[in-house]
Visitor: 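Before I ask anything, let me first share the structure, which is written out below as structure tokens.
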Amino acid sequence: MIEIGGLGSKMCRAAKFLRFLQGCNSMDRLRKIHAQVLLHGYQDHPDVSDKLLSFCATSAAGNLSFARLLFSRLPHPATNHWNALIRGAARGGVPLHAISDYNVMMRRASSRPDAFTFAFLLKACALAKAKSKCRESHASIVRSGFSSHVIVGTNLVRAYADNGFISEARMVFDEMPEKDLVSWNSMISCYCHAGVHDDALKVYDEMRLAGVGLDEFTAVGLLSSCAHLGALNFGVWIHKFAEENGFLRRSLFVGNALIDMYAKCGSLDKAHRVFDGMRRRDNFTWNSMITGLGIHGHADEAISLFERMLMAGVQPNSISFLGLLMGCSHHGLVEDGLKYFQLMSSAYNIKPDLKHYGCMVDMFGRAGKLDKALEFINDLSCKDDPVLWRTLLNASRIHGNLEMGEIAIQNLVKLSAHNAGDCALLSDIYEHAGDGEGVSRMRKMVKDQGIKTTPGWSWIEIHGKVRKFVVGDTSHAESKEIYKKLKEMISKADSLGYAKETSKISEKDHSTVKWLEKYVDDGADYHSEMLAIALGLATTPEGTSLRIVKNLREYGLKNSGFTGLCEML
DNA sequence: TAAATCGTCC
């Protein structure tokens with residue numbers, strides 16, 4: 001009795017609906033298609049209803065609540081229907097709904113979760129910062145036998161990392177029986193986001209050992225870490241590799257990351273060359289170059305690049321202005337800084353955030369306008385942020401302004417945000433003012449209140465490898481040479497009689513020696529940057545540029561024997 | 001038929 005013709009036409013009509021859906025680009029149109037589906041009784045046709053649901057849940061033209069409505073009419077929702085709902089909620093900015101949908105699915109227990117379910121659920125856990133759900137999902141994944149699934153595993157790594165569980169992420173990654181390039185890239189990007197850049201670069205070493213190649217995603221992650229670690233040589237290697245493999249043509253990200261890397265490593269001319277060579281530029285491209293110039297105090301160039309950006313029709317955003325403000329503050333252009341600070345909200349409707357305020361305080365402070373800086377902070381609604389007071393404290397130290405330094409630390413204390421670094425800064429001001437009592441008061445404060453010191457690390461890239469140092473580090477294979485070199489440096493400093501004959505050495509040399517003495521006097525535990533420098537001097541030929549990066553500060557110098565130490569850049 | 005990785009800001 002079933003008419004073949006009828007069935008055939010039914011299939012044709014279903015196919016037609018699906019075609020309509022593919023071309024559907026608005027909710028209005030979607031409703032019309034849905035009305036037609038209902039009119040012709042196709043709401044239960046599996047192809048049509050599945051497609052309709054997933055389209056509503058995940059397409060830009062779709063609508064989540066409409067998807068829910070369709071879902072609620074399914075008498076026996078299958079796993080893929082649940083998946084569509086969870087995926088849609090996760091992508092649609094309501095990750096908590098995705099999680100509760102998953103919970104309902106489990107409670108009903110009529111359909112089992114599959115790899116897709118977990119992939120979407122983990123995405124939601126990452127977005128919602130759902131820490132405990134993240135662990136719980138991990139357990140469910142193991143229980144239901146999906147723990148060896150590559151994509152589920154990769155998502156789990158990401159979910160843990162986005163929730164701040166970096167070592168858990170790493171553990172999951174290590175236990176994955178099968179990893180693909182995306183898994184490796186995810187691990188690198190997790191370390192990048194967590195700011196653990198030396199570990200990011202280490203992942204690359206492991207990739208090489210595992211015989212895994214790299215693509216533009218890998219390159220972008222590694223370049224970002226190179227930028228933070230000052231690993232210029234490795235960055236140059238990636239640049240070469242990217243050029244040979246067409247990464248630059250394929251991805252704007254790679255060019256942008258290269259600009260950032262070169263700029264942060266101090267090679268502004270090479271950053272500019274990459275910038276000039278790019279066929280296409282987006283606001284990241286412009287911003288990377290502007291902030292690169294800004295960080296290094298090239299305010300005029302940053303400003304003219306900003307003007308060029310406007311001419312090119314690219315909209316500036318808050319980071320463009322941050323780059324400009326950094327340039328102005330590092331170059332003492334208070335007037336220009338103020339102008340752009342006002343321009344950002346008046347002409348571009350961009351609300352300044354804490355970082356912009358911090359730049360302004362820094363700008364006034366560096367320029368010696370400490371009263372103006374204080375007034376500026378007091379006018380802010382976010383004046384309870386320690387960063388602002390710390391910036392003021394630093395400016396007070398630069399200008400030896402004891403009174404303002406005390407105001408700054410009082411506010412930090414009031415916010416219970418004062419750390420050992422702050423006390424050291426104020427102690428420095430007391431010392432310069434010849435106030436020995438102030439110095440010991442600071443020392444006592446650190447001791448009595450048990451204020452924690454932030455551990456300082458230093459990195460140096462030698463022969464393409466990034467090496468990390470902590471205070472008094474003896475963990476390196478070259479430890480002997482390092483300490484030998486240090487002793488050599490110290491005795492040379494002594495024999496040259498720096499302290500006594502200051503007239504013979506330039507201002508720059510003098511400050512370097514003061515810097516050296518300060519660390520040497522601290523006793524047996526040599527500071528991390530001293531150890532890094534010693535290794536650099538001991539293991540590179542003369543004339544090699546050495547870049548030492550600290551988590552607290554940055555130095556550059558050239559190896560030309562010991563005297564090279566005086567060429568601090 | 002569904003899925004996962006990328007950049008500028010301290």
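Residue numbering restarts at 1 for every chain, and letters A, B, ... go by the order of the sequence lines. All figures in this text were calculated on a predicted structure; none of them were measured in a lab.
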Visitor: For a quick check of understanding: with a heavy-atom distance under 4.0 Å over all strands, which category does A/S189 fall into, base, sugar-phosphate or nothing?
Guide: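 Here A/S189 touches the backbone only, sparing every base.
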Visitor: Give the minimum heavy-atom separation between A/P77 and A/S111, together with the two atoms involved.
Guide: O-OG, 3.7 Å
Visitor: Quick one: the side chain of A/K355 and the base of B/dC9, do they pair up donor-acceptor inside 3.5 Å?
Guide: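 Indeed there is one.
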Visitor: Tell me: CZ of A/F306 to C1' of B/dT8, nearest whole Å?
Guide: 15 Å
Visitor: If you measure only the distance, is there a donor-acceptor pair under 3.5 Å linking the side chains of A/N317 and A/S320?
Guide: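 Yes, side-chain donor-acceptor contact under 3.5 Å.
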Visitor: Checking contacts here: which listed nucleotide (B/dT8, B/dA3, B/dT5) is nearest the side-chain heavy atoms of A/N185?
Guide: B/dT5
Visitor: Classify the ring geometry between A/Y348 and A/F306 as parallel (under 30°), tilted (30 to 60°) or perpendicular (over 60°).
Guide: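 Ring orientation, 0 to 90° scale: perpendicular.
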Visitor: Do A/S54 and A/R87 have a side chain donor and acceptor closer than 3.5 Å?
Guide: no
Visitor: Hey, can you pull the residues of residues 273-285 of chain A with a non-hydrogen atom under 4.0 angstrom from DNA chain B?
Guide: A/D282, A/F284
Visitor: Return no unless some side-chain N or O of A/K123 is found under 4.0 Å from OP1 or OP2 of B/dT5.
Guide: yes
Visitor: May I ask you to say what A/M326 touches in the nucleic acid, namely base, sugar-phosphate or nothing, with a heavy-atom cut-off under 4.0 Å?
Guide: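 Sugar-phosphate: the residue A/M326, judged by heavy atoms under 4.0 Å, touches backbone atoms but no base.
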Visitor: Could you tell me how far apart A/N83 (CG) and B/dT1 (P) are, to the nearest whole angstrom?
Guide: 15 Å
Visitor: Does the base of B/dA3 carry an N or O that pairs as donor and acceptor with the side chain of A/H149 under 3.5 Å?
Guide: yes
Visitor: Check whether more than 12 heavy atoms from other residues, nucleotides or ligands sit under 6.0 Å from atom CZ of A/R249, and answer yes or no.
Guide: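 Atom CZ in A/R249 is not crowded, with 12 or fewer foreign heavy atoms closer than 6.0 Å.
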Visitor: From the options B/dT5, B/dT8, B/dC6, select the nucleotide whose nearest atom is closest to the side chain of A/V220.
Guide: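 The answer is B/dC6, which lies nearest to the side chain.
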Visitor: Using a cut-off of strictly less than 4.0 Å, decide whether A/K264 has a side-chain nitrogen or oxygen near OP1 or OP2 of B/dC10.
Guide: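 No.
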Visitor: What contact category does A/D180 fall into here, base, sugar-phosphate, or nothing, at under 4.0 angstrom with non-hydrogen atoms?
Guide: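 Contact class for A/D180: base.
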Visitor: Quick check on contacts: within residues 154-167 of chain A, what sits under 4.0 Å from DNA chain B by heavy-atom distance?
Guide: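 By residue number: A/T154, A/N155, A/R158.
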Visitor: Could you check how far CE of A/M207 sits from P of B/dC6, rounded to whole Å?
Guide: 14 Å
Visitor: Quick one: label A/L322 by what it contacts on the DNA or RNA (base, sugar-phosphate, nothing), any heavy atom closer than 4.0 Å.
Guide: sugar-phosphate
Visitor: Could you check which of B/dA4, B/dT8, B/dC6 has an atom nearest any side-chain atom of A/H228?
Guide: B/dT8
Visitor: Quick one: label A/D362 by what it contacts on the DNA or RNA (base, sugar-phosphate, nothing), any heavy atom closer than 4.0 Å.
Guide: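 No contact.
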Visitor: Give a yes or no answer on whether the side chain of A/N245 reaches the backbone of A/F247 with a donor-acceptor pair at less than 3.5 Å.
Guide: no
Visitor: For A/H193, which contact category applies under a 4.0 Å heavy-atom criterion: base, sugar-phosphate, or nothing?
Guide: sugar-phosphate
Visitor: Quick check, does A/F116 stack with B/dA2? I mean ring centres under 5.5 Å and planes off by under 30°.
Guide: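 Stacking between A/F116 and B/dA2: present.
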Visitor: What is the nucleic acid contact for A/F120, judged by heavy atoms within less than 4.0 Å: base, sugar-phosphate only, or nothing?
Guide: sugar-phosphate
Visitor: If we count only N and O atoms by modelled type, under 3.5 Å, do the side chains of A/T79 and A/D114 hold a donor and an acceptor together?
Guide: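 Absent: no donor and acceptor within the cut-off.
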Visitor: Which class fits the ring pair A/F120 and A/F116: parallel under 30°, tilted 30 to 60°, perpendicular over 60°?
Guide: tilted
Visitor: Just the rounded figure in Å: distance from P of B/dT8 to CE of A/M309.
Guide: 15 Å
Visitor: Looking only at non-hydrogen atoms, find the nearest pair between A/H356 and A/S318 and report the distance.
Guide: NE2-O, 2.7 Å
Visitor: Roughly how many Å is it from NE2 in A/H81 to P in B/dA2, rounded to a whole number?
Guide: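 In whole Å, B/dA2 P lies 16 Å from A/H81 NE2.
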Visitor: Rounding to a whole Å, what distance do you find between A/L325:CG and B/dC10:C1'?
Guide: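 It works out to 15 Å between those atoms.
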Visitor: Do A/K133 and A/N163 meet the criterion of a side-chain donor-acceptor pair at a distance under 3.5 Å?
Guide: no
Visitor: Say whether A/D282 and A/T285, considering side chains only, have a donor N or O and an acceptor N or O under 3.5 Å apart.
Guide: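 Note: A/D282 and A/T285 side chains meet the donor-acceptor criterion.
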Visitor: To the nearest Å, how far apart are A/M187 CE and B/dA4 C1'?
Guide: 14 Å
Visitor: Return the nearest nucleotide to the side chain of A/R87; candidates are B/dC9, B/dC6, B/dA3.
Guide: B/dA3
Visitor: Can you tell me the distance, in whole Å, between the NE2 atom of A/H356 and the C1' atom of B/dC9?
Guide: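 Rounding to the nearest Å, NE2 of A/H356 and C1' of B/dC9 are 8 Å apart.
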Visitor: With distance as the sole criterion, do the side chain of A/N80 and the base of B/dA2 form a donor-acceptor contact below 3.5 Å?
Guide: no
